[in-house]
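Accompanying notes for the structure given below.
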Amino acid sequence: MTTSDESPITRTSSKRMTKGILIVAITIAFGAAILVPFWESMIHNPPIASTLKHEEPPPQESGTQTSIGTIEGKAPNQQAKSSANVSTGAGAGGAATTSPPSGATNATAGPSGKPLTILEGSSVQGSPSFDPATLTVKKGDKITVTNKDTLPHTVTSGTGPTDPNSAKQFDTSIIEPAATADIDTTNINPGQYPFHCTVHPYMTGKLVVQ
Ligand SMILES: [Cu+2]
């Protein structure tokens, strides 16, 4: 029993040994096949912390990043410039717009304000612009201006940009499409106040404060 037992065990062991060696060799081979490229890529693309520093030198990537950054950086500037030009042009049109508007804020509209709507198509000369064209409020009322047009407009006191008193009573400044602006009439004495849009001086209306 012992002898006949030992030899099969020995044979099995040597077979197992062979299998084991094969398994180890295959595992190493597969491991190497997977790990060697990985390590090579690790060498070329080090971990994240150092990747940032190492990827900057290649001209392609840094060039791409720079141009993207430049484009992204320029676009807002140009937008800012153009909108600045719009408001500058609008402001320059009114000779005496240097004094800040007394009672105008660009706060978000509350539902409580007296509504004044800038109608769609207002920028087209001859079209109805402000609704109502004559707005009557009591002193202290808040006026909520809603721009329903697709272009920016203002609600600015005065008969037009060349009115020396332009914007002296109130001025929403630019109201972007779909945006709203509030006019506070707390500091506006009872009376009648023509208003206009500084961007489109033919857009006119009248505010009556009681
Ligand atoms: Cu306008």
Side-chain angles (χ1 to χ4, degrees), residues 71-210:
I71 290 164
E72 283 177 349
K74 268 184 182 174
N77 280 348
Q78 284 171 345
Q79 282 183 348
K81 261 189 182 179
S82 60
S83 69
N85 285 344
V86 168
S87 27
T88 306
T97 52
T98 45
S99 62
S102 53
T105 54
N106 272 328
T108 314
S112 56
K114 297 270 181 180
L116 175 63
T117 302
I118 299 171
L119 296 169
E120 187 173 0
S122 286
S123 61
V124 180
Q125 192 162 0
S127 300
S129 48
F130 296 107
D131 180 35
T134 299
L135 175 65
T136 302
V137 301
K138 288 181 178 170
K139 182 176 179 176
D141 282 350
K142 185 177 76 173
I143 302 164
T144 299
V145 184
T146 303
N147 183 1
K148 291 190 174 174
D149 195 25
T150 54
L151 290 170
H153 300 284
T154 76
V155 177
T156 307
S157 64
T159 55
T162 55
D163 187 336
N165 292 318
S166 178
K168 284 201 173 171
Q169 301 295 336
F170 52 89
D171 180 16
T172 61
S173 72
I174 292 289
I175 309 170
E176 296 296 336
T180 61
D182 289 342
I183 297 172
D184 179 10
T185 65
T186 305
N187 297 316
I188 303 177
N189 289 325
Q192 297 194 5
Y193 302 93
F195 59 82
H196 64 281
C197 168
T198 57
V199 186
H200 315 94
Y202 45 81
M203 291 173 60
T204 57
K206 190 165 74 176
L207 173 66
V208 178
V209 178
Q210 294 176 331

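Computed from a prediction, not measured in an experiment: that's the story for all the values here.
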Measure across [X] and [Y] and return the closest heavy-atom pair with its distance rounded to 0.1 Å.
X: Ser123; Y: His200; value: CB-NE2, 3.6 Å
X: Pro152; Y: Pro177; value: N-CD, 4.0 Å
X: Tyr193; Y: Ile188; value: CE1-CG2, 3.3 Å

Those residues that, when tested against His196, pass ring-ring contact (aromatic ring centres under 6.0 Å, His included) (two or more places apart) =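 Here no residue qualifies.
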
Ring pair (Phe, Tyr, Trp, His ring centres under 6.0 Å): pairs with one or both residues in residues 131-151, sequence neighbours excluded |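 Of all non-adjacent pairs touching residues 131-151, none passes ring pair (Phe, Tyr, Trp, His ring centres under 6.0 Å).
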
Side chains of residues 125-138: which donor-acceptor partners sit under 3.5 Å, not counting sequence neighbours?
| from | atom 1 | to | atom 2 | distance (Å) |
| --- | --- | --- | --- | --- |
| Ser127 | OG | Val124 | O | 3.2 |

By side chain to side chain donor-acceptor pair (under 3.5 Å) - contacts of [X] (at least two apart):
X: Gln192; value: Lys206
X: Thr159; value: Asp163
X: Lys139; value: Asn189
X: Asp149; value: His153

Give the intermediate values and the outcome of side chain to side chain contact (heavy atoms under 4.5 Å, CB included) for residues Ile143 and Thr185.
-> CA-CA 8 Å; Ile143 302 164; Thr185 65; 3.7 Å; yes

Would you check if Phe195 and Leu207 make a side-chain contact, meaning some heavy-atom pair closer than 4.5 Å?
->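 Yes. Closest side-chain heavy atoms under 4.5 Å.
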
If we only count heavy atoms from C-beta on, is the Ile118 to Val155 side-chain gap below 4.5 Å?
->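 Yes, at least one pair of side-chain atoms sits under 4.5 Å.
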
When rounded to the nearest 0.5 angstrom, what distance separates [atom1] in [X] from [atom2] in [Y]?
X: Thr186; Y: Asp141; atom1: OG1; atom2: CG; result: 9.0 Å
X: Leu119; Y: Thr146; atom1: CG; atom2: OG1; result: 10.5 Å
X: Asn147; Y: Glu120; atom1: CG; atom2: CD; result: 10.0 Å
X: Ile174; Y: Leu151; atom1: CD1; atom2: CG; result: 10.0 Å

Are the charged groups of Lys142 and Asp184 less than 4.0 angstrom apart, N to O?
->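 No.
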
Is there a donor-acceptor contact under 3.5 Å linking the side chains of Asp182 and Thr144?
->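 A pair is found: one side chain offers a donor N or O, the other an acceptor, under 3.5 Å apart.
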
Report yes or no: do Thr172 and Thr154 form a side-chain donor-acceptor pair below 3.5 Å?
->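 Judged by distance alone, the side chains do not pair up.
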
Keeping the roles fixed (side chain from Ser157, backbone from Phe170), state whether a donor-acceptor pair exists under 3.5 Å.
->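 Checking the backbone N and O of Phe170 against the side chain of Ser157, a donor-acceptor pair under 3.5 Å is found.
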
